[in-house]
Q: 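Pasting a structure here, questions to come.
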Amino acid sequence: MTAALEAVGISVSFGAVRALQDVDLAVDQGKLVGLIGPNGAGKTTFVDAITGFVQASGSVRLEGREISSLPPHRRSHLGLARTWQTIELFDDLTVRENLAVAGGRPSLPSSFAEIVFGRQPRAERLAEEVLGLLDLEGIAEEMPSDLSQGRRKLVGIARALAGKPSLLLLDEPAAGLDTNESRDLGRRLRRIVDGGLPTLLIDHDMGLVLGICDEIYVLDFGKLIARGTPEEVRRHPDVLAAYLGKSAAEVEPGASKVGAAWAAVAEGAAEQ
Amino acid sequence: MLAEQIFAYAILGLGSGALFAGTGLGVVLSYRGSGVINLATGAIAMLSGYCYWALATGEFGVTFATPLAVVLTLLFSVVLGVAFELGVVRPLRRQPPLAKLVATLGVLLSAQAAIVLAFGDTAHPQPSILPGGVVTLFGVTIPDYDIWMAAIVLAVTLLLAAGYRWTRFGLGTRAAAENEAYATLFGLSPNRYSMGNTVLMALAMGLVGLLAASINEVDPITLVLYIVPALAAAMFGRLTGFTTTYVAGLVIGMAESVLVFLGGQSWFPTSNGGPLPGVDELLVLVVLVVATFFRAGKIPSRGDIVERRLPRAPRPVAPLRTAAIFVPIAAVAMWALPFGFREGLITSCIFAISLLSLVVVTGYLGQLSLVQLGLAGVAGFLVSHLFTNFGIGFPWAAIVGVLAAAALGVGFGFPALRVRGVQLAVVTLAATVALETFWFSNGTWGAGVLGAPVPAPSLFGFSFGTNASFHGLGGGEPSPLFGWFCLIVLTVVALLVANLRRSRLGQQMLAVRANERAAAASGVNVRNVKLTGFGIAAGIAGVCGVLLSYSYGSITASSFSALIAVALVAFVYITGITSVPGGIFGGVIYVGGLFAYALLDWFGLQGNWLNLAVGFLVVMSLVSRPEGGATFLFYGKRPSLWPRASKDPQGKMPAGGVVNDEGEQQMERSLAPVEVEVPS
Ligand SMILES: Nc1ncnc2c1ncn2[C@@H]1O[C@H](COP(=O)(O)OP(=O)(O)O)[C@@H](O)[C@H]1O
Ligand SMILES: [Mg+2]
């Protein structure tokens, strides 16, 4: 079976900054893969490279198909969906309309029918289904700006799901959520992945990532330093060095959370 | 010989070049001080110019000696600057760049209307403030005004450049522009710097107004429109560089002057016996486009705290039902009203259509285009020329006109893909001026000065033009038949625009408006959506142009002037740029429309009073009711019409160290073109 995502030799430079160097990463069908690393390690840049928002070298294959030369919207049509660290909802549209935009392209005849005869777009019904999946039924008619941060994060995920993607990339979906919300999110993600949607999860909440992922990649300074099951990554000496080599002040935002998580990891390793 | 003449003309162009450069300095000062792209700098210079003229020629009964008049004029411009800061810049401090730009359009409109009301629109001669002599350079004798002007503006430029580099004031302004939040944190007051820069801008404009006395008569248009070459110069200076702006302004002035010389040469293309008109405006457009493409990418983005973006575009609830209420009322009115009111209502219908085109392109797509009226003109002129040259009448001429406007709109859309928001407004303003002078005023393919005839529309031998014989209850012309025709067209266009908002294409437009990157990630082809939006809006503008030409029975360039284009934007911002009711009611209150006729008929108030008020109203409504009066009336029940500022902390202040420029706030602020497509 071809992998849902196969990225080989991904490199990105911003001027003199080499944000990613030769990163290989694969997401197999039905798997939830984690991508972690300290702040500035290049995680967001990796998602941008896969989705076509930064110029990157290397090869990106989505279900076996090379997509690295395609513009972002074409990649989206082929089944690639992402969320944003900074949420990025369409603030001028209701939640339902946000999902409708992602819910597929209007064909020329359907656009014509909608504009000339005032037919209602069908895609909006699909929105209902996705909102149900994330327990967001009540807010379909709300404006994103009227929602809490946590809700907006979920709407961002719902919008990514609305396009019926074949691969989901989540950039820090749990940032800004409290522990309970984060745990809830983890359960929902697991359900979504088990429902057949391979997913790459980036997050700072180590409890979440180590708890639910099948496989984890670790980035530091744009280089892949480890890869394996949560258990293997937890014990990997380079990973510990990457995180513990930094002072707490360098680990931000949510320094306490990350710091605590890695302190716990370190303790776990020390006990071994 | 030839070289000497060209040289002489180039030197003669120094004067107007200095005025362009000076006005460009005003644009730079406004941008550096408060992030406003100030389209009213020329208008402020014009106000100062009138002040000087009035003082120096005894318009108010007292004639002042020139030096005293100069000093008083500069004082007057300081007052103007303070008023501009307190009345426009400060209230709009937290508004997005587009809103600020529209506010300056309002100021331009008010200033112009005020002058016309006070002094009429004829030009008056005025005494020069400079000693008038001649110099002989390389065997060519030229008046030395021009050299003086260039030298004085150069001195100002150098002073400003040095001041910004080395004084505390300059450093503070730069700090505040780079990051308002941090500057405040360090105890700098962005308000003070903004005030200082605005006053400097007004002083510079006062100087431009004074210097202009040496080469121009004072009139309410010339200096106002100097903003276009001035913008071209300022764009070359990336809106921040004083010396580059100066040089570019000077070069534009000299090039225009040389073009005048070349126009007299035998090989120069002619039109109706005279040299081809509008070549200099075309030159300015080209300069502006070049500047925008090759220089604007590096315009420093500003770290202003922006709270608001374009107002929400509410989803129409039941457009058909609304139409069923309003259309019959309007239809009866067409038949029953006396002819003056009927004419006003027809004009309202026609301009409402052009405002609906702005609703699509700005309200839905988020791009402020000032060329919509120019596109209307293209359609109107085609209708006229298809008839006079080929005998083609209604409906084919109208259809061709509309399609041509739409095609041209898509054509304009291609460069617009790389130019966003405020810059697009600047380029399209220049395009409107160029279309008006190069095409519409042209004797061969435009209307010349006299206007070109347009046949009354008729179908199967049945005429429904303004002069149809059916006169209705109110009597007189224009015929209610033509009114009904316009009303039907408006209704159809309005329903289409309302449906567009509900359609998925409309949702995609709003998604693009809100966040291009997120839209692309959601599978929206940003380029195609924009081009489609530009095309639809241009087609609608074309419909307006066709009706306009039928309603006048002939077509002239002055119906499609840049100042009218500016006024249209101001009117629709008051009623609501994001909704169909906003567009329609904008038409109702538009100059020449129903409301304006009522003002004239009942109170004897001319259209310019309306223009005067509209400038003020634009600023007020941007502050207090940015979604616009009609939009609020129709959709105002919700508690919050305005998208609130993102509560995301990352949007507000850059997290130390890590550059993470995601987020639309950054995109809104930055003038740099952001490309979504990745080069393959
Ligand atoms: N647009 C950009 N321009 C320049 N440098 C950037 C840009 N985006 C990210 N970087 C740099 O690339 C590195 C990786 O950033 P990022 O991918 O955002 O890290 P992460 O998401 O892991 O915190 C950082 O050093 C950051 O400063
Ligand atoms: Mg990141």
Q: With sequence neighbours left out, write down each residue that passes side chain to side chain contact (heavy atoms under 4.5 Å, CB included) with A:P144, or none if nothing qualifies.
A: A:L89, A:D91, A:N98
Q: Measure the OG1-CZ distance between A:T86 and B:R517 for me, rounded to the nearest 0.5 Å.
A: 7.5 Å
Q: So for A:F14, is it side chain, backbone, both, or neither that comes closer than 4.5 Å to the heavy atoms of chain B?
A: neither
Q: Who wins among B:L496, B:L505, B:T578 for the most heavy-atom pairs under 4.5 Å with chain A?
A: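 With the most close heavy-atom pairs to chain A, the winner is B:L496.
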Q: Check each atom of B:A519 against the heavy atoms of chain A and say whether the ones under 4.5 Å are side chain, backbone, both or neither.
A: both
Q: Once rounded to the nearest 0.5 Å, what's the spacing between atom CD of A:E97 and atom CZ of B:R502?
A: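 The CD atom of A:E97 sits 10.5 Å away from the CZ atom of B:R502.
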Q: Looking only at heavy atoms, what is the nearest atom pair of A:S76 and B:A520, with distance?
A: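 Scanning both residues, the minimum pair turns out to be CB-O, 4.1 Å.
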Q: For A:S110, is it the side chain, the backbone, both or neither that has a heavy atom under 4.5 Å from a heavy atom of chain B?
A: side chain
Q: Counting only N and O atoms by type, is there a donor-acceptor contact under 3.5 Å from the side chain of A:E114 to the main-chain atoms of B:R504?
A: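 Here the side-chain-to-backbone pair exists.
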Q: Closest heavy-atom contact between A:H77 and B:G523?
A: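 Answer, listing the atom of A:H77 first, then B:G523: NE2-O, 2.6 Å.
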Q: Among B:L495, B:V497, B:L500, which one satisfies side-chain contact (heavy atoms from CB on, under 4.5 Å) with A:I115?
A: B:L500
Q: What pair of heavy atoms forms the shortest contact from B:A518 to A:R159, and how long is it?
A: CB-NH2, 3.9 Å
Q: Do B:R513 and A:F90 come close enough that some side-chain heavy atom pair is under 4.5 Å?
A: no
Q: Quick one: what part of A:R105 sits under 4.5 Å from any heavy atom of chain B, side chain, backbone, both or neither?
A: both
Q: Can you tell me which of B:V512, B:L320, B:L510 forms the most heavy-atom pairs within a distance under 4.5 Å of chain A?
A: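 Most heavy-atom pairs under 4.5 Å with chain A: B:L510.
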Q: Hey, are the side chains of A:H73 and B:S522 touching, using non-hydrogen atoms and a 4.5 Å cut-off?
A: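 Answer no - side chains too far apart.
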Q: Got a second to check how far A:E141's CD is from B:R315's CZ, nearest 0.5 Å?
A: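 Nearest 0.5 Å value for the CD-CZ distance: 7.5 Å.
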Q: Mind checking what makes salt bridge (charged side-chain N to carboxylate O under 4.0 Å, His left out) contact with A:K223, not counting sequence neighbours?
A: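 Result, salt bridge (charged side-chain N to carboxylate O under 4.0 Å, His left out) vs A:K223: none returned.
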Q: Once you round to the nearest 0.5 Å, how far does CZ of B:R312 lie from CG of A:L93?
A: 9.5 Å
Q: Which distance, rounded to the nearest 0.5 Å, do you find between the CG of A:D92 and the CE of B:M509?
A: 14.0 Å
